[in-house]
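Have a look at the structure below before the remarks.
Here is the naming used below: chain letters follow the sequence lines, and residue numbers restart at 1 for every chain.
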Protein chains: 2
Amino acid sequence: MIQSVDRALQILEFLRKNPRGLGVTEISISLQVAKSTAHRLLMSLEEHGYVQKFGRESTYRLGLKFIEMNYTVTKNLNVLEIARPFIESLSKETGEIVHLVTLEGQEIIYIDKVENSSTIRIYSQIGRRGPLYCTAVGKSILAFLDEREAKKLVDKIEFARLTDYTLVNREALATELATIKKDKYSYDNQEHEMGIRCVGAPIFDHNGRPQYALSVTGPLDRMSDEILQHHIPLLKDTAKKISRSLGYIN
Amino acid sequence: MIQSVDRALQILEFLRKNPRGLGVTEISISLQVAKSTAHRLLMSLEEHGYVQKFGRESTYRLGLKFIEMNYTVTKNLNVLEIARPFIESLSKETGEIVHLVTLEGQEIIYIDKVENSSTIRIYSQIGRRGPLYCTAVGKSILAFLDEREAKKLVDKIEFARLTDYTLVNREALATELATIKKDKYSYDNQEHEMGIRCVGAPIFDHNGRPQYALSVTGPLDRMSDEILQHHIPLLKDTAKKISRSLGYIN
DNA sequence: CCCATGCGTTCCTCATTATGGAACGCCATT
DNA sequence: AATGGCGTTCCATAATGAGGAACGCATGGG
């Protein structure tokens with residue numbers, strides 16, 4: 001790990017967490033380096049567009065370079081292109097929000113979202129991270145990862161009781177993962193957010209790895225057990241079709 | 001400029017230009033450094049999620065971290081939120097694609113796009129860069145920047161004849177910029193892409209700077225002079241409304 | 001009105017730290 | 001089985017990034 005690169009990237013992280021901007025001194029304190037060091041790092045980042053000063057403020061914020069980089073990354077994530085039509089249909093058929101996520105480290109990242117009601121998307125979840133243990137998508141992925149990898153991830157989970165319904169111990173989670181593996185879909189019964197219920201299913205890539213997952217999300221009153229009996233087959237079918245499109249056999 | 005940080009960010013640039021992935025050796029050659037140096041830089045970037053290896057390939061690509069960073073950046077670019085409803089109306093009224101761009105260095109970056117026909121957006125222009133001298137949005141911004149800054153930018157332009165209609169000399173551009181300043185809107189008559197015609201107008205931020213611009217884009221047959229006589233007042237009005245919402249007085 | 005404070009910026013010396021070369025191991029290709 | 005190309009690891013060296021001190025500027029309080 002190269003010290004100066006690591007510090008530069010740490011700065012980006014600080015700025016991500018402080019989107020209103022940070023000054024040189026604040027950053028030098030957070031990093032525990034001299035002001036001149038922080039200043040030099042910022043100049044390097046600024047040169048490449050990753051941070052910028054706005055107007056005549058002397059605070060730095062994340063730069064527009066990230067919008068450009070995001071363009072390339074999403075353009076080349078072909079799961080997005082492949083999955084798009086499928087998740088649009090699923091959203092239309094269920095009338096609910098559909099999310100597509102990918103496993104990334106010990107969390108999931110939302111990589112696409114479709115809601116049929118409106119075209120607004122700027123403030124969607126896309127790009128947000130979420131936990132594995134209390135989301136339908138996360139549990140679907142965990143349940144279908146090979147045992148060794150799943151164990152590794154489960155061991156690292158730091159459970160937080162986000163709602164009264166959140167599972168907060170490994171035993172309860174293990175039991176549920178077994179059920180998910182049998183049923184081939186997962187629930188999130190207000191475990192992540194009160195009043196919100198989701199059903200999820202894993203998507204397998206051409207290596208047979210449950211790299212992605214799909215979910216249908218809605219408020220409690222529109223996600224009763226009877227209604228879910230309608231949604232779940234559609235969800236499972238969509239996930240299966242996407243997996244097949246990604247080159248997954250069987 | 002810190003050498004190692006600069007090199008690390010250069011690697012990201014190489015990967016952006018080679019989205020199919022690059023190996024350690026290829027990168028070390030591009031950077032003109034030892035393989036071990038390239039390797040160490042890549043490990044630092046990988047640690048933070050900015051690059052990653054896919055599957056069992058040994059080539060690196062841009063990482064999903066950029067999706068996460070993009071989320072924060074766009075969320076805090078409040079011009080997007082403010083402009084959204086206006087550009088949606090404009091798209092509905094004109095029936096054409098509407099783009100929102102921001103000035104960034106010597107180019108524009110597309111930061112939002114609305115097309116009323118479909119919800120597809122993944123492969124939109126958002127995040128792409130474009131030139132100042134042959135786009136309606138670019139010319140609108142150039143025309144209204146204060147003289148000193150405009151001159152700086154115009155002097156740096158490297159003209160490329162993208163189509164038969166592209167303006168490729170400073171004199172012709174200067175004449176047109178004067179017209180734009182008088183009319184308060186700009187044309188792109190197939191200057192950037194054959195068969196595509198655009199009209200653009202500047203958006204002023206609270207400092208009175210034409211930081212953003214707006215355009216209506218369509219194929220030649222739907223963008224005749226008569227039709228444009230209908231679109232242009234709507235465009236100018238929309239740009240004015242957004243400017244006012246951003247705090248621009250007068 | 002002036003001084004104190006806190007900020008960003010610049011400069012220079014020192015030793016920390018990134019560098020490049022060499023050597024290794026792995027894989028695919030012949 | 002041998003070769004070439006790749007990613008990876010290690011290590012000594014000196015290049016380079018770090019920190020401290022000093023400056024200039026703005027701000028606000030006495």
In Å, rounded to the nearest 0.5 Å, how long is the span from CG of L90(A) to CG of L214(A)? 6.0 Å
Can you tell me if NZ on K240(B) sees more than 12 non-hydrogen neighbours from other groups inside 6.0 Å? no
Determine, step by step, whether F204(B) and F144(B) satisfy the ring-ring contact (aromatic ring centres under 6.0 Å, His included) criterion, reporting the C-alpha distance in whole Å, the side-chain angles of both residues, the deciding distance to 0.1 Å, and the verdict. CA-CA 9 Å; F204(B) 300 90; F144(B) 285 92; 5.7 Å; yes
Salt-bridged, E107(A) to K156(A), with N to O below 4.0 Å? no
Nearest heavy atom decides the nucleotide; on that basis, is S58(A) or R7(A) closer to the 5' end of DNA chain C? S58(A)
Does a sphere of radius 6.0 Å around CD in E47(A) hold more than 12 heavy atoms from other residues, nucleotides or ligands, not counting ones at 6.0 Å or beyond? no
To the nearest 10°, give me the bend of the helix from dC1(C)-dG30(D) to dT30(C)-dA1(D), comparing the axes of its five terminal pairs at either end. 30°
Side-chain ion pair, E149(B) and R209(B), N-O less than 4.0 Å: yes
Please evaluate residues E46(A) and K53(A) with respect to the criterion salt bridge (Lys or Arg N to Asp or Glu O under 4.0 Å), reporting the C-alpha separation (whole Å), side-chain torsions for both, the decisive distance (0.1 Å), and the verdict. CA-CA 8 Å; E46(A) 189 175 22; K53(A) 295 185 197 173; 5.3 Å; no
Taking heavy atoms of chain A and a 4.0 Å limit, find me the 5'-most and 3'-most nucleotide of DNA chain D within that range. dG17(D) to dG20(D)
Between P on dT10(C) and CE on M43(A), what's the gap in Å once rounded to a whole number? 7 Å
Parallel, tilted or perpendicular: which one describes the rings of F66(A) and Y50(B), with boundaries at 30° and 60°? tilted
Between R16(A) and E68(B), does the salt bridge (Lys or Arg N to Asp or Glu O under 4.0 Å) criterion hold? Intermediate values first, please. CA-CA 9 Å; R16(A) 188 177 67 79; E68(B) 189 184 354; 3.3 Å; yes
Residues in residues 10-40 of chain B with a heavy atom under 4.0 Å of DNA chain D, by number, are G23(B), V24(B), T25(B), K35(B), S36(B), H39(B)
Yes or no on salt bridge (Lys or Arg N to Asp or Glu O under 4.0 Å) for D188(A) and K139(A), after CA distance, side-chain angles and deciding distance? CA-CA 9 Å; D188(A) 157 11; K139(A) 289 191 287 187; 5.9 Å; no
